[in-house]
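Read through the structure below, which is laid out as structure tokens, and then see the notes.
For the single chain, residues carry numbers from 1 onward in sequence order.
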Amino acid sequence: MKKTFKIVTLLLIVTLMAICFTACVPSNVEKAKAKLEKADYKVVAESLDSEDKAEGLTGALVAKKGGVVPTDMIAVSWFASKKEAKTFYDKNSSDFAEMQATYKSLTGKTIELKISGKCIYVGTTDAIKDFN
């Protein structure tokens, strides 16, 4: 009985660790682009200008699925540090309500704003699931 309990416990731990490691946000543009393209998204932008770099961004992309008015979309920004990401998030999250209302009026879908470590992203629920 003790041996069976140890084996089952070990299997549960390994399973939980696998879920945690596979549910992480992609760490850079290339990984995110590959993941989203595999899920049938078209990456429509992935460049930074000098102003973006001055704000601490190290990478960004915008991806969509669908036609001119996308059925799903996501915009992602990576920062050099968690602190820079949090500062940018705090400074700009107040503008999100207006963005959300505009997107909903155009598509009928709701978008969400998330922060995870050095990454900030906004997108539809399905796009966020595909990204994570």
Side-chain angles (χ1 to χ4, degrees):
M1 184 66 171
K2 287 183 180 183
K3 186 176 182 180
T4 304
F5 179 74
K6 287 180 183 180
I7 292 171
V8 169
T9 302
L10 181 62
L11 287 173
L12 285 172
I13 290 170
V14 169
T15 303
L16 287 173
M17 288 178 67
I19 290 170
C20 287
F21 287 124
T22 58
C24 295
V25 171
S27 59
N28 61 42
V29 174
E30 293 79 24
K31 289 179 182 178
K33 184 177 178 181
K35 189 172 189 178
L36 289 168
E37 285 177 342
K38 187 176 180 183
D40 296 326
Y41 286 82
K42 180 179 179 187
V43 175
V44 293
E46 59 175 306
S47 61
L48 298 175
D49 60 22
S50 57
E51 187 178 316
D52 294 331
K53 292 176 183 175
E55 291 199 34
L57 274 84
T58 59
L61 70 76
V62 177
K64 70 174 191 152
K65 186 188 276 188
V68 175
V69 177
T71 55
D72 289 299
M73 62 72 64
I74 189 162
V76 188
S77 299
W78 286 268
F79 291 81
S81 70
K82 290 180 183 181
K83 183 180 178 184
E84 287 175 319
K86 180 76 170 123
T87 300
F88 186 89
Y89 179 87
D90 291 342
K91 181 178 161 186
N92 295 288
S93 61
S94 61
D95 299 332
F96 178 68
E98 183 180 335
M99 183 192 317
Q100 187 176 42
T102 302
Y103 192 82
K104 187 164 183 127
S105 71
L106 290 172
T107 66
K109 287 193 166 196
T110 303
I111 55 174
E112 301 174 44
L113 176 66
K114 305 266 186 177
I115 184 169
S116 178
K118 299 177 185 180
C119 185
I120 297 174
Y121 48 104
V122 60
T124 59
T125 303
D126 289 340
I128 289 174
K129 286 179 187 173
D130 291 335
F131 176 69
N132 282 325

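- With sequence neighbours excluded, the residues forming a side chain to side chain donor-acceptor pair (under 3.5 Å) with D90 are K86, listed by chain and number.
- Residue Y121 comes nearest to S116 through the heavy atom pair CE2-CB, 4.1 Å, listed as atom of the first residue, atom of the second, then distance.
- Residue I111 is not grouped with residue V62 when hydrophobic side chains (ILVMFWY) are merged at heavy-atom distances under 4.5 angstrom, including chains of intermediate members.
- In this structure, the side chain to side chain donor-acceptor pair (under 3.5 Å) partners of K104, at least two apart in sequence or on a different chain, are T110.
- The side-chain contact (heavy atoms from CB on, under 4.5 Å) check on A101 picks up nothing, with sequence neighbours excluded.
- Partners of A34 by side-chain contact (heavy atoms from CB on, under 4.5 Å), not counting sequence neighbours: none found.
- Every side-chain contact (heavy atoms from CB on, under 4.5 Å) that K42 has, sequence neighbours left out, goes to V44.
- For the pair D72/D130, no side-chain contact is recorded, criterion being any heavy-atom separation below 4.5 Å from C-beta on.
- Minimum interatomic distance between M73 and Y103 (heavy atoms only, all atoms of both residues): CG-OH, 3.3 Å.
- Legend: residues meeting side-chain contact (heavy atoms from CB on, under 4.5 Å) with N92, ordered by chain and number and at least two apart, are F88, D95.
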>> With side chain to side chain contact (heavy atoms under 4.5 Å, CB included) as the criterion, how do K109 and D126 come out once you've worked through the C-alpha distance, each side chain's angles and the decisive distance to 0.1 Å?
In response: CA-CA 10 Å; K109 287 193 166 196; D126 289 340; 4.3 Å; yes

>> Please determine whether side chain to side chain contact (heavy atoms under 4.5 Å, CB included) holds for the pair I120 and L113, giving the CA-CA distance in whole Å, both sets of side-chain angles, and the decisive distance to 0.1 Å.
In response: CA-CA 8 Å; I120 297 174; L113 176 66; 3.9 Å; yes

> Is there a side chain to side chain contact (heavy atoms under 4.5 Å, CB included) between K65 and Y41 once you walk through the steps?
Replying inline: CA-CA 5 Å; K65 186 188 276 188; Y41 286 82; 3.6 Å; yes

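- Contact annotation: the side chain of F131 approaches that of C119 to within less than 4.5 Å [non-hydrogen atoms, C-beta and beyond].
- Looking at every heavy atom in both residues, A63 comes nearest to L36 through CB-CD1, 3.8 Å.
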